[in-house]
There are 2 protein chains.
Amino acid sequence: MVKNKSAQGQLDNSFQSGRVVTSYDVARKAGVSQSAVSRCFKPGASVSKKMREKVMKVATELGYEPNAIARSLITKRSNLVAVIISNLTNLYYPEVLAQLSQRLSDRGIRVLLFALDTESHADQVLAQIWQYQVDGVIAAAKLTNDQLAEFEKRQKPLVFYNRFYSNQAVNAVCCDQAEGAYHLVKGLVAAGHQSFGIIGGPDDSVVGRERTDASAACLSTMGTSDVTIVDGSFSYECGGAGVEMIREKRGSLPDAIICVNDMTAIGAIDALRYGHGKNVPEDVSVVGFDGVGPATWASFDLTTMRQPVGRMTEGAVEMLMERMENPDLPPEKRLFAGVFVDGTSAVFA
Amino acid sequence: MVKNKSAQGQLDNSFQSGRVVTSYDVARKAGVSQSAVSRCFKPGASVSKKMREKVMKVATELGYEPNAIARSLITKRSNLVAVIISNLTNLYYPEVLAQLSQRLSDRGIRVLLFALDTESHADQVLAQIWQYQVDGVIAAAKLTNDQLAEFEKRQKPLVFYNRFYSNQAVNAVCCDQAEGAYHLVKGLVAAGHQSFGIIGGPDDSVVGRERTDASAACLSTMGTSDVTIVDGSFSYECGGAGVEMIREKRGSLPDAIICVNDMTAIGAIDALRYGHGKNVPEDVSVVGFDGVGPATWASFDLTTMRQPVGRMTEGAVEMLMERMENPDLPPEKRLFAGVFVDGTSAVFA
DNA sequence: AAGTAATTTGCATTCGAATGCAAAATTGCA
DNA sequence: TGCAATTTTGCATTCGAATGCAAATTACTT
């Protein structure tokens, strides 16, 4: 009985479930003004020790948490950053997302996630982004020029992740695709490979095209003309399909196959081994790009260029935060060299 | 010159970059009241066709998008759902996240992502969640009883993904771990395997323990006593380590190894093949759980129980949305049977 | 055309926290 | 103790959209 009563006593006003506790509730119960409560939750604000203790005690009792929505409305800072990621099923991106999320969260920023199913469809997503008043955007997806212009007009900081717009003044962190491609190609050629296949990305992928083009250009520079190029889709399946297409186009399999990313390379290796009865790397060398987790698995032990994801995500977050503080900073592109991973899926010199 | 001037003319007021366009700006320029503008953006509101056209025209001109923050403040609906995911590096979760994001977004809900590095640390995350006034939470992470109580008190709808609290009245979608384990074990035993290894999850994982316990229980029921159990961490690495630990503990390798998830199974297969020189499944059968993408790769072709991720994510979203509309719905648990994937990593009957 | 019913519009207020400014309380100093 | 300097507190307003209610407009009826 007594217990019940005291329990009810606690429930008096703002404790009833469902009703959200506001700064006014805390203020009333603590016998102070709402502004005082507000100040107690602002670091460095002018509040006496006594006041802070009194307010914090009541706040804890009532389970008060400042309403970030109301705060954003007046401060014009949502502490939200939108992260646009185009295909999470590519094994490379979960890692990127996890790291971005971690680093932003360490800085007191929350992540509003937009997972696109394709590279396009960004328009509805952008409308959402404007509505939610995010403080900035990190995009691992392609945007049109019109969309870029919107960012400009709204002064929203934007940092691209691995989308390099060479002709636009935008912020970006990228892995140096061309340099990586050159490194791989040179090593393959030096090891004596004479004929090459390249399995590229889909039409609309910038990263894919850069890697493919750079590889082809390097091969051409080095005087290799036996090069067969086919399109892919960054997926495991397209690795096998690519191998088949190359074989058809060329008549037989080449000495080495350069894949636009690790997933494709793994698919190619499996197809070569289990579909065509070839040994990798004895019969055919295979190299990839990215350095995803499965690339290091014993079954594949892929020769690849690993992207320094840690430094890239750190760079992206840092650049974005800087521009959230100071929107007038000039656009900047940070280009990170890939890290060569000397696997055993290719004969390499 | 003329061009310049007209361009400037357009910039007159609210078009200057940085300044955000509000409903008042639209109202003023269209010569109507702010409430009219608001109503034009609310489907089904009482607005004449003429008004709607006039307002929409100006809104488009100015690039107006309603401020979701301000809207949430008054409607008490943020249209935000928090998704808590514990380890994105487990290949299973990116798929889950992508689907949840997709399905929520189809229903006009935005995802606030919280990627935990470990199963714990949820406390700061929860504080953030309260502050952002999310309408609901989907958690693929463990919560303490205190944390559950907080949800109760605040009347926030919560749906667990693959965390089954058998003794708590919470909402959850789960894959039936026990049933899956039984299916796998029965098939292995029927195929004549006599000795078993089990590589489990980490201590604090409910899913891991359920799968391990169910497997062990089933083996025991079927009269098999040669069972060696070791702990793991859901990772590729722990697959290899687990194999080694089992060999040490038991003296030699068993006929079959049951892994708590596919990543572990793949690690085990690679270790058996490339570390111990064994053939899979001829020498040792290996089975997994989850049905992640790499499980189907030719190198592994894993025998596993695939979780019906599509139906599970759909179920989670549906349950959550229902409870956002009607918080008084009683707690519900939906248990989905796994789908047996008849791979070639195990001799199975 | 006049009067009523139905629809559309605007006014004024609300949501919850932050903040400039002035009032109040505290401190320091003589 | 008294008065100025400083700190702390409260008042009132603001952010931007939504909404109940009343006023204004339109449509409909006879």
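The chains referred to below are lettered A, B, ... by the order of the sequence lines, with proteins before strands, and numbering in each begins at 1.
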Between Lys156(B) and Glu65(A), is the closest basic N to carboxylate O distance under 4.0 Å? no

State whether the side chain of Arg71(B) and the backbone N or O of Asn67(B) hold a donor-acceptor pair below 3.5 Å, judged by distance alone. no

side-chain contact (heavy atoms from CB on, under 4.5 Å) with Lys333(B): which of Val173(B), Asn171(B), Val170(B), Val159(B)? Val170(B)

Is the shortest side-chain N/O distance from Ser48(B) to OP1 or OP2 of dT7(C) below 4.0 Å? no

Evaluate ring pair (Phe, Tyr, Trp, His ring centres under 6.0 Å) for Trp130(B) paired with Phe151(B), printing each intermediate quantity in order. CA-CA 9 Å; Trp130(B) 306 139; Phe151(B) 276 88; 4.9 Å; yes

Which pairs, with at least one residue in residues 44-60 of chain A and sequence neighbours excluded, count as a salt bridge (Lys or Arg N to Asp or Glu O under 4.0 Å)? Lys57(A)-Glu61(A)

Would Glu325(A) and Arg323(A) satisfy salt bridge (charged side-chain N to carboxylate O under 4.0 Å, His left out), going step by step from the backbone distance to the final call? CA-CA 5 Å; Glu325(A) 296 311 323; Arg323(A) 279 155 186 82; over 6 Å; no

Among dG10(C), dT9(D), dT8(C), find the nucleotide with the atom closest to the side chain of Ser33(B). dG10(C)

To the nearest Å, how far apart are Lys49(B) NZ and dT9(C) C1'? 18 Å

What does the B/S/- profile of nucleotides 15-21 of chain C look like, 5' to 3', with a 4.0 Å heavy-atom cutoff to protein? BBBBBB-

Looking at five pairs on each end of the helix from dA1(C)-dT30(D) to dA30(C)-dT1(D), what is the angle between the two axes, given to 10 degrees? 30°

Let's go through Arg103(B) and Asp106(B) carefully: what are the C-alpha distance in whole Å and the side-chain angles of both, what is the deciding distance for salt bridge (charged side-chain N to carboxylate O under 4.0 Å, His left out) to 0.1 Å, and is it a yes or a no? CA-CA 5 Å; Arg103(B) 293 179 198 281; Asp106(B) 287 348; over 6 Å; no

Salt bridge present between Arg311(A) and Glu318(A) (N-O < 4.0 angstrom): no

